[in-house]
Amino acid sequence: MNENLFASFVTPTMLGLPIVVAIIMFPTLLFPIPKRLIDNRIITMQQWLIKLILKQMMLIHSNKGRTWSLMLITLILFIGTTNLLGLLPYSFTPTTQLSMNLAMAIPLWAGAVFLGFRYKTKMSLAHFLPQGTPIPLIPMLVIIETISLFIQPMALAVRLTANITAGHLLMHLIGGATSVLISISPPAALTTFIILLLLTMLEFAVALIQAYVFTLLISLYLHDNT
């Protein structure tokens, strides 16, 4: 049972070779480059949605922070598309892997912090010691603030991994219970099936919300440092 429960989180292979790179690259096919003078409805809707998200996200940023606009919109589109594709049956969701989420969170967080220490050195250092701190508490607060700074990318990655993994596990468990109850108690099976449908709708929302939260937090770290 445990093997089946976590089988969907195992990195898929083909001929003994991992194909996770191909899976990660697949969402790029869903956002084609427009080549016509007049785009079709799907591409027009995609471009409108991208511009809307980008406009809302860049409102708080300075000109220096807006240079990250392409990276941030790519990040939210990639995570959101990957999460949604992971809801398809017999599919693999790369964002359930903590290693991948850390690989996204750490470089972006480190880049934002590096910008802060380069262009706003005094303000960045001031975050380690709040104004008016009693002298005996200074060493302790510096240590606490340093730990809280370095734990930010870990919190980003763990939040995304936990939310996506928990939803998939819950859907798997309820789906298994529904298939078992069909032959035992059809009314109970119908009830669990309705719960499964509602949970699936919730997971669609969670997939998009987690992509937005991940990107928004990176955006806020960038805003604090630019």
Does a side-chain heavy-atom distance below 4.5 Å link [X] with [Y]?
X	Y	result
Ile79	Gln210	no
Leu198	Leu202	no
Met100	Thr161	no
Met104	Ile218	no
Ser219	Leu72	yes
Gln97	Pro94	no

Spell out, yes or no, whether [X] and [Y] are grouped together once hydrophobic residues are joined by side-chain heavy atoms under 4.5 Å, including indirect joins.
X	Y	answer
Val206	Leu208	yes
Ile174	Ile164	no
Val213	Leu59	no
Val113	Tyr119	yes
Ile53	Phe204	no

Problem set entry | Test side-chain hydrogen bond (donor to acceptor under 3.5 Å, both in side chains) applied to Glu203 - qualifying residues, sequence neighbours left out | none
For the [atom1] atom of [X] and the [atom2] atom of [Y], what is their distance to the nearest 0.5 Å?
X	Y	atom1	atom2	value
Leu170	Ile195	CG	CD1	9.5 Å
Ser69	Ile50	OG	CD1	12.0 Å
Tyr221	Leu115	OH	CG	15.5 Å
Thr67	Met58	OG1	CE	9.0 Å
Leu52	Lys55	CG	NZ	8.0 Å
Ile73	Met57	CD1	CE	6.0 Å

Problem set entry | Residues Thr96 and His168: side-chain donor-acceptor under 3.5 angstrom | no
Please check this pair: side chain of [X] against backbone of [Y], looking for a donor-acceptor N/O pair closer than 3.5 Å.
X	Y	answer
Thr81	Phe78	no
Ser148	Glu145	yes
Thr93	Asn83	no
Thr146	Val142	yes

Would you name the heavy atoms of [X] and [Y] that are closest together and state the gap between them?
X	Y	value
Ser91	Leu85	OG-O, 3.1 Å
Phe193	Thr178	N-OG1, 3.8 Å
Leu102	Ala157	CD2-CB, 3.5 Å
Val180	Ser183	O-OG, 3.4 Å
Pro186	Ile182	CG-O, 3.8 Å
Pro153	Ala105	O-CB, 3.6 Å

Counting only heavy atoms not in [X] (residues, nucleotides, ligands), do more than 12 fall under 6.0 Å from its [atom1]?
X	atom1	value
Phe117	CZ	yes
Leu49	CG	yes
Met171	CE	yes

Seminar exercise, completed: Residues at least two apart in sequence or cross-chain that pass ring-ring contact (aromatic ring centres under 6.0 Å, His included) with Tyr212, listed by chain then number, are none
Problem set entry | Aromatic centroids of Trp109 and Phe150 separated by under 6.0 Å | yes
